[in-house]
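Have a look at the structure below before the remarks.
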Protein chains: 2
Amino acid sequence: LEVTLEHIIQAKARLNDIAIRTPLLESPWINQHVQARVLFKAEVLQHTGSFKFRGAYNALSALEPQVRKNGVVAYSSGNHAQAVARVAQLFGCPAWIVMPSDAPKTKIEGTRFYGAEVILYNRDTENRDEIAMAIAHEKNAALIPPFDHPHVIAGQGTVGLEIVEQLQEKANQPDLVLIPCSGGGLSAGCATAIKSHFPATHIYSVEPEGYDDTALSLRLKSRTQVTPSQKTICDALMLTIPGQLTFSINQSLLSGGLSTSDEVVYQAMRLLFEKLKLVVEPGGAVGLATLLSGAVEVAGKTVVIVLSGGNVDDACFSHMLEKTQSSQ
Amino acid sequence: LEVTLEHIIQAKARLNDIAIRTPLLESPWINQHVQARVLFKAEVLQHTGSFKFRGAYNALSALEPQVRKNGVVAYSSGNHAQAVARVAQLFGCPAWIVMPSDAPKTKIEGTRFYGAEVILYNRDTENRDEIAMAIAHEKNAALIPPFDHPHVIAGQGTVGLEIVEQLQEKANQPDLVLIPCSGGGLSAGCATAIKSHFPATHIYSVEPEGYDDTALSLRLKSRTQVTPSQKTICDALMLTIPGQLTFSINQSLLSGGLSTSDEVVYQAMRLLFEKLKLVVEPGGAVGLATLLSGAVEVAGKTVVIVLSGGNVDDACFSHMLEKTQSSQ
């Protein structure tokens, strides 16, 4: 196996005192509403506002110092971008980040704030891999892939390892874990950690409707590309084909893939605002959205939901508040 | 002394595994903006959305079971209300809560959700103490005061004790601590814990402009009532005279009192939304507001700010997003 529990334990040692051990939170209101015990892993509180800090830090730590000093390159819709920029800043090396021009402003400006040079591209007409490769070649810099890399997956897996520890402290174990999924790095890493300790737990990836390539690929038992007919508000989850390494792990460990509509994602964001006092971006709220939509049977169960990121523009957040009804 | 470090340590033992050990968070953007290291104690993530859960739990724990079973009464603008309601629910005893009719809907509905009976009164024309006393007498129930009680203060002091521990883990100590202040229970408890460990740290209460009775009383060295000429958005901090016990503690431990305008409170709420992904109510954001207004010199210092609560209506939050400018 290219990513094992041992790799995740090593990543955790590297991240010790550097990443935030984010809390596992719950709301009596949400528990009562869905008739289950739901525990939320609040990665919105992680440095740079998403879990991506973990994988980026683990990957940059693993580079030889003389390689790292030349700098790093990444392509990302925004959360991996900010994470790599921040980690490069911590290591004192330059970073070039390739981002779609329609990424949320907060993500683009966040990446610049951490000192990286941002290269914008058109999501519909240009190929981000090629642009990033060209920069890596020109600058002799290391490419830090957003998900399909063992160090990145192991870093994201520390989210899962913390969930295990936090549940053990509560003398509890989960029946179900729901993990937002784009390339699949977070689910692959978390599943590796969680299934090592709780083999009976069912883990599902969650994607936006139309971008459910991982769900489809798991059903077809083969990496399959989807062709979405419309956009989604979940800007962080717009990939249309799973990663190779991530899919091989997810295929062996996940119980399946779920998907959810933008409409319900807004409702989930509102509940997280009202009941948990958390700002969660659309892609970070898909796990709760699947519960609200009734896509999965949870009555009486213990469910863990990863809130993967909170980098949302104020226009989107205001729109959500306006569009959805208060639970009160 | 009526509240000592020992009492707070006892409260912490009672709250162990019951209250959330809320994280101490920071934002590189905010640090750079104010040229200081600012650590935020995120009590918005506490059960019921504010620090008040701690004092309520400690106070109800200390009641004799045969007294507690008759039920409890409290008066509160909303955060203590929800806290007492929830704790009574955990102990399985009835609760009657006297609340102002103009309290945020989220606080009134939250209190009802936790199973308490809510008695609304008019903040301008009725006396909440009298209403609460009458109910306590009729029901033979115990009154749980919002701040002026040693068990309540000791419970709130666990916020301060956690701050001490979390700073010791970072091998750091604060130059300055800023604490939202209404009746003064949170500042009295936190100051007791923090000054025991860091005697050189300066601790300030923070109030909304016009409601700065603690600041004025500290200056005059005597409990003094203020007569506000206008309302404030900080619904949790609208008291106009300090508590007796709380003031005696605050007078001996605080370096002074600060105040801030609603305008800057909105800006603070936005930064906490953008940079920390936290939903903070107006009264919870006054600490950061004083930094933004430049009311206190912090360059190069380590500052701890308590974010005391997050129970804000969506209308207020939307208004804040609309009214303030993005930092991006």
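Throughout, a chain's letter reflects where its sequence line sits, starting with A, and its residues are numbered from 1.
Using a 4.0 Å cut-off between charged side-chain N and carboxylate O, B:Glu169 and B:Arg21 make a salt bridge.
Separation of atoms OG (A:Ser61) and CZ (A:Arg68) is listed at 6.5 Å; rounding is to 0.5 Å. B:Asn79 contributes atom CG, which lies 10.0 Å from atom OG of B:Ser182 (distance to the nearest 0.5 angstrom). Rounded to the nearest 0.5 Å, atoms CD1 (B:Ile233) and CE (B:Met320) are 9.5 Å apart. Taken from CD1 in A:Ile163 to CD1 in A:Ile179, the straight-line distance is 6.5 Å, to the nearest 0.5 Å. For the atom pair CD1 (A:Ile20) and CD (A:Glu162), the distance works out to 10.0 Å, reported to the nearest 0.5 Å. Taken from NZ in B:Lys170 to OG1 in B:Thr302, the straight-line distance is 10.5 Å, to the nearest 0.5 Å.
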Practice item. Carefully, step by step, assess B:Ile144 and B:His80 under the rule side-chain contact (heavy atoms from CB on, under 4.5 Å). Key: CA-CA 9 Å; B:Ile144 309 294; B:His80 181 60; 3.9 Å; yes
**Study point:** side-chain contact (heavy atoms from CB on, under 4.5 Å) between A:Arg14 and A:Thr158, intermediate numbers included
**Key:** CA-CA 10 Å; A:Arg14 290 195 184 115; A:Thr158 61; over 6 Å; no
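Between chain B and the options A:Ser326, A:Ser327, A:Pro28, A:Ser318, heavy-atom pairs under 4.5 Å are most frequent for A:Pro28. Interface remark: of the candidates B:Val280, B:Asn311, B:Val312, B:Asn311 forms the most heavy-atom pairs closer than 4.5 Å to chain A.
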Enumerate donor-acceptor pairs with a distance under 3.5 Å from any side-chain N or O in residues 84-104 of chain B to protein atoms, sequence neighbours excluded.
| residue | atom | partner | partner atom | Å |
| --- | --- | --- | --- | --- |
| B:Arg86 | NH1 | B:Gln89 | OE1 | 2.7 |
| B:Gln89 | NE2 | B:Tyr114 | O | 3.4 |
| B:Ser101 | OG | B:Tyr121 | O | 3.3 |
| B:Asp102 | OD1 | B:Arg123 | NE | 2.9 |
| B:Asp102 | OD1 | B:Arg123 | NH2 | 3.4 |
| B:Asp102 | OD2 | B:Arg123 | NE | 3.3 |

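Proximity to chain A among residues 262-279 of chain B is limited to B:Arg270, B:Phe273, B:Leu276, B:Lys277, B:Leu278, B:Val279, judged by heavy-atom separations below 4.5 angstrom. Using non-hydrogen atoms only and a strict 4.5 Å limit, the part of residues 37-58 of chain B facing chain A consists of B:Val44, B:Leu45, B:Gly49.
Judged as a side-chain contact (heavy atoms from CB on, under 4.5 Å), and not counting sequence neighbours, the contacts of A:Gln32 are A:Gln35, B:Phe113.
With a 4.5 Å cut-off on non-hydrogen atoms, A:Asp17 does not touch chain B at all.
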